[in-house]
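One structure is given here, and the rest of the page talks about it.
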Amino acid sequence: MDSCSLRICVAKVVVISYFCQPKMLIMSVVAQVKQATSQAIKDLYGLDLFPSEILVNATKPEFEGDYTVVLFALVKQLKLSPDALGQQLGTELLEKNPALFSGFNLIKGFLNLVITEKYWLDFLQRHAADEQYGIAQPTGKKVMVEYSSPNTNKPLHLGHLRNNFLGRSIAEILKATGHEVVKTCIVNDRGIHICKSMIAWQLFANGTTPATTHTKGDHFVGDYYVRFNDEYKKQVDALKAAGKTTEEAEKEAPVMRAAQQMLLDWEAGKPEVMQLWRDMNGWVYEGFQATYQRIGSDFNKTYYESNTYLLGKDLVNMGLEKGVFYQKDDGSVWIDLTADGLDEKLVRRKDGTSVYITQDIGLAEQKQQEFHADQSIYVVGDEQNYHFKVLKLICQKLGLPSADGIYHLSYGMVELPTGKMKSREGTVVDADDLVDEMVSIAKQKTEELGKVRDFTDMELTGLYDTIGLGALKFFLLRVDPKKKMVFNPEESIDFHGFTGPFVQYTHARIRSILRKAECDTIGDAGEGLLPLERALAIHLEMFPVVLRDAADEHDPSKVAIYVFNLAKTFNSFYTEHSIANAESNEKKTLRLQLARLTSQTISTGMGVLGITVPERM
RNA sequence: GGACCGGUAGCUCAGUUGGAUAGAGCAGCUGCCUUCUAAGCAGCAGGUCAUUGGUUCGAAUCCAAUCCGGUUCACCA
């Protein structure tokens with residue numbers, strides 16, 4: 001099989017259970033509504049319910065109110081009519097929580113509650129100038145996130161971008177929710193696929209290098225990997241034409257034999273092979289580094305398979321002693337997972353060498369000893385779901401301390417409108433090319449609009465990168481990671497609607513106002529919240545909860561969706577009400593608070609997605 | 001064959017610990033720039049939530065079966 005099925009990306013994250021987090025100074029509105037409702041039911045009917053058992057939704061726009069308690073479940077337990085229960089509960093809630101509720105109405109089984117104006121005004125006053133809004137206090141928990149994890153035989157492609165953006169983002173989300181994060185990467189720098197590039201280089205390169213050909217190193221090496229496969233196919237065809245079966249031809253093709261010999265030489269440490277291997281990997285790393293820098297990937301610790309591929313051997317012995325593993329007559333070592341609904345799995349070949357999963361067992365243990373993380377997240381494609389299920393199970397059976405913390409953040413493949421990307425058909429979308437194209441379209445659109453003609457060249461370059469990469473990252477992160485997604489070049493290049501540039505644009509507009517308006521957010525905000533002002537405040541208040549949900553579910557798309565809706569809400573408000581020329585000083589203060597907190601929240605939200613937001617665009 | 005994942009508007013996606021008339025964006029159609037950036041806003045149109053049956057006050061959401069698509073089950077990584 002093609003070597004692109006190697007572990008392409010891996011990342012580990014530790015999930016911290018909710019109750020471990022320090023209490024937020026102020027509970028979210030929804031939490032308060034649940035709490036108050038729980039208390040009211042206890043006082044009125046003597047029924048003890050956890051706040052979490054009470055269903056509270058945002059009130060639908062067509063009804064009056066901010067949040068809604070769904071009564072049906074309670075109706076049944078309390079044997080009351082929805083109307084009677086709603087009236088009693090609404091009255092009680094209002095009476096006991098005058099600072100929280102200012103009114104209620106009842107429609108069928110839904111108790112719609114109006115939150116007091118003062119609550120929202122206090123909320124804005126408290127956070128308007130808070131640059132840390134949404135950022136949680138430290139939890140004391142440590143999480144490892146392993147992501148990116150490339151092979152050194154070819155450049156990064158579109159699939160790697162989803163992995164890199166996800167890994168980086170989940171790391172930032174975990175940081176924002178108070179966890180200490182260690183970002184790691186495992187580089188697959190050895191094996192038959194690397195040898196293929198090396199053989200092709202020896203045969204066809206005439207000693208050229210990235211420097212002499214002015215080629216980015218990873219692309220240079222990738223070209224020889226392709227060259228190998230071309231040559232291999234040619235030789236196989238020739239052998240078949242000479243009467244060999246397909247199987248024989250594939251085995252006997254001279255380039256394949258040479259690659260296999262080279263792998264043996266590498267394992268034996270043959271000096272000239274090692275030198276070539278180091279040189280070519282060096283070229284690749286230089287290329288990767290450039291790409292990583294551009295897309296914003298970085299790592300606290302990089303592991304190399306050439307160092308880790310022998311790990312786990314002692315753990316196999318331990319497993320044999322413990323009786324977790326068993327040995328077959330031919331000497332190979334296995335674990336029987338049929339009782340867990342899985343199959344038997346080989347952990348050591350009959351020749352004594354270890355297999356992929358054995359290395360991973362060893363590496364999990366090494367990471368644990370090195371960093372003592374509470375959780376270890378692997379950002380790896382869903383084609384390896386089975387692998388990680390088995391990995392965790394084996395580690396658990398071995399009783400390794402790292403076992404329970406293993407979490408596979410599995411994501412779906414990125415497909416094109418025409419179907420899957422296939423290197424043989426030349427439909428692989430190269431990461432560098434794609435980034436270049438996005439940036440160049442950002443340039444073109446920006447020039448068309450002509451709003452930043454006074455920018456210096458350096459500022460313009462920065463802006464194009466911000467917008468082009470923002471569009472790309474947002475496009476890949478706005479979808480639930482678990483699901484496969486279709487990358488439509490035309491749609492992804494759109495800068496309108498549910499896109500990164502839409503959110504960035506909203507931010508730039510707000511910043512423009514704040515620059516001119518002297519940011520006067522302290523002061524009397526008056527009374528009489530208008531519907532759009534209230535809607536924006538409600539939206540802003542949800543941010544910390546959204547971040548926490550995204551962390552708990554390892555899902556950056558929650559943040560992307562939130563931040564888009566926030567921008568949309570702001571834009572409606574912006575169109576309808578003037579901020580700088582508000583009807584009164586109080587209104588101006590209030591709207592500046594709203595604007596400032598919105599820009600801050602957009603900035604933080606986009607920040608955890610790895611997207612920067614411009615001051616102007 | 002076993003296991004797992006998915007099927008929601010023409011397209012790309014939200015919504016799934018069961019709750020109000022299933023939501024966005026794009027594409028299509030109407031309006032809105034002498035006023036804080038129109039990369040924007042307001043509106044129209046667009047649905048058998050794969051199919052069938054079940055559970056119940058209530059199902060896109062839960063259960064069963066079926067159809068379709070994908071991944072995986074290597075002495076590959």
Side-chain angles (χ1 to χ4, degrees), chain A residues 1-8 52-53 55 57 59-60 62-63 68 70-73 75-76 82 107-110 112 151 188 190-193 305 309 328 330-334 341-351 353 355-357 359-360 381-387 389-390 410 412-413 415 417 420 442 445-446 448-449 451-452 467 475 478-480 482-488 490-492 494-499 501-506 508-514 516-517 557-558 561 564-565 567-568 571-572 574-582 591 595 616-617:
Chain A
M1 179 180 285
D2 192 79
S3 62
C4 53
S5 65
L6 295 184
R7 182 195 307 176
I8 291 167
S52 59
E53 292 177 272
L55 181 59
N57 294 335
T59 304
K60 297 238 168 197
E62 56 266 39
F63 303 106
T68 298
V70 183
L71 300 174
F72 298 104
V75 165
K76 200 172 237 178
I107 295 169
K108 293 190 232 170
F110 298 90
N112 300 322
N151 297 331
N188 182 243
R190 62 164 288 281
I192 188 72
H193 52 290
E305 278 204 16
Y309 80 109
K328 288 192 177 174
D330 63 5
S332 58
V333 179
W334 297 73
L342 305 175
D343 300 313
E344 294 187 339
K345 183 83 185 174
L346 176 91
V347 295
R348 190 168 76 195
R349 297 188 185 98
K350 66 184 172 199
D351 66 6
T353 58
V355 292
Y356 179 53
I357 197 149
Q359 302 170 36
D360 256 346
D382 61 8
E383 62 205 349
Q384 296 196 45
N385 284 355
Y386 183 76
H387 172 77
K389 198 186 254 185
V390 171
S410 164
M413 295 294 104
E415 295 176 5
K420 292 184 182 179
K445 303 252 181 197
T446 303
E448 278 169 19
L449 290 169
K451 295 179 180 183
V452 287
I467 296 172
F475 188 86
R478 67 180 205 181
V479 180
D480 183 341
K482 289 193 297 288
K483 299 193 177 177
K484 71 177 183 199
M485 67 182 294
V486 175
F487 181 87
N488 184 324
E490 277 154 40
E491 191 182 329
S492 62
D494 197 350
F495 290 177
H496 304 271
F498 187 16
T499 67
F502 171 93
V503 180
Q504 291 173 321
Y505 175 69
T506 306
R509 269 173 147 187
I510 299 174
R511 294 300 305 163
S512 169
I513 295 167
L514 295 179
K516 294 171 190 164
S557 74
K558 296 243 185 301
I561 292 165
F564 167 67
N565 283 321
K568 210 155 50 111
N571 284 333
S572 298
Y574 171 94
T575 305
E576 200 64 31
H577 304 298
S578 178
I579 296 166
N581 301 308
R591 289 176 192 167
R616 291 178 55 193
M617 69 184 274

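What you see below is based on every heavy atom in this structure, not just the backbone, and it leaves out hydrogens, waters and symmetry mates. Throughout, a chain's letter reflects where its sequence line sits, starting with A, and its residues are numbered from 1. What you are looking at is a predicted structure, and each value in this text was computed from that prediction instead of being measured.
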>> With nearest nucleotide decided by heavy atoms, which residue, Arg348(A) or Phe495(A), maps closer to the 5′ end of RNA chain B?
In response: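 Looking at the nearest nucleotide for each, Phe495(A) comes out on the 5' side.
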
>> Here's a test of your reading of the structure: between Ile579(A) and Lys76(A), which maps to the more 5' nucleotide of RNA chain B?
In response: Ile579(A)

> Going 5' to 3' along nucleotides 16-23 of chain B, which nucleotides have protein heavy atoms under 4.0 Å from the base (write B), which only from the sugar-phosphate (write S), and which from neither (write -)?
Replying inline: B--BBS--

> Is the glycosidic angle of C67(B) within 90° of 0, making it syn, or outside that range, making it anti?
Replying inline: anti

Contact class for [X] (heavy atom, under 4.0 Å): base, sugar-phosphate, or nothing?
X         : result
Phe564(A) : sugar-phosphate
Tyr386(A) : sugar-phosphate
Ser572(A) : sugar-phosphate
Phe498(A) : sugar-phosphate

According to a strict under-4.0 Å criterion, is [X] in side-chain N/O contact with OP1 or OP2 of [N]?
X         : N      : result
Arg511(A) : U37(B) : no
Lys558(A) : G15(B) : yes
Arg509(A) : A38(B) : yes
His496(A) : G40(B) : yes
Asn571(A) : C41(B) : yes

The side chain of [X] is closest to which nucleotide in this list: [options]?
X         : options                : answer
Val355(A) : C41(B), C36(B), A77(B) : A77(B)
Lys484(A) : A77(B), G40(B), G69(B) : G69(B)
Ile513(A) : U12(B), C75(B), C36(B) : C36(B)

> Within this structure, what is the CG-to-P distance between Leu342(A) and A3(B), rounded to whole angstrom?
Replying inline: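 Distance check: Leu342(A) CG to A3(B) P gives 11 Å.
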
> Between C73(B) atom P and Lys345(A) atom NZ, what is the distance in whole Å?
Replying inline: 7 Å

May I ask which nucleotide in the shown strands pairs with [N], Watson-Crick or G-U wobble, both distances under 3.5 Å?
N      : answer
A14(B) : none
G1(B)  : C73(B)
U30(B) : A42(B)

>> Under 6.0 Å between ring centres: does that hold for Phe475(A) and Phe487(A)?
In response: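 Between Phe475(A) and Phe487(A), the centre distance is under 6.0 Å.
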
>> Ignoring hydrogens and geometry beyond distance, is the side chain of Ser512(A) in donor-acceptor contact with the base of C36(B) at under 3.5 Å?
In response: no

> How many angstroms lie between NZ in Lys568(A) and OG1 in Thr506(A), if you round to the nearest 0.5 Å?
Replying inline: 11.0 Å

> Mind checking the C1' distance from C62(B) to G43(B)? Whole angstroms is fine.
Replying inline: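 Taking atom C1' in both C62(B) and G43(B), they lie 38 Å apart.
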
> Between A42(B) and C26(B), how far is it from one P atom to the other, in whole Å?
Replying inline: 12 Å

> Should the pair Arg478(A) and Phe564(A) be classed as cation-pi, given the thresholds of under 6.0 Å to the six-membered ring centre and 45° from the axis?
Replying inline: no

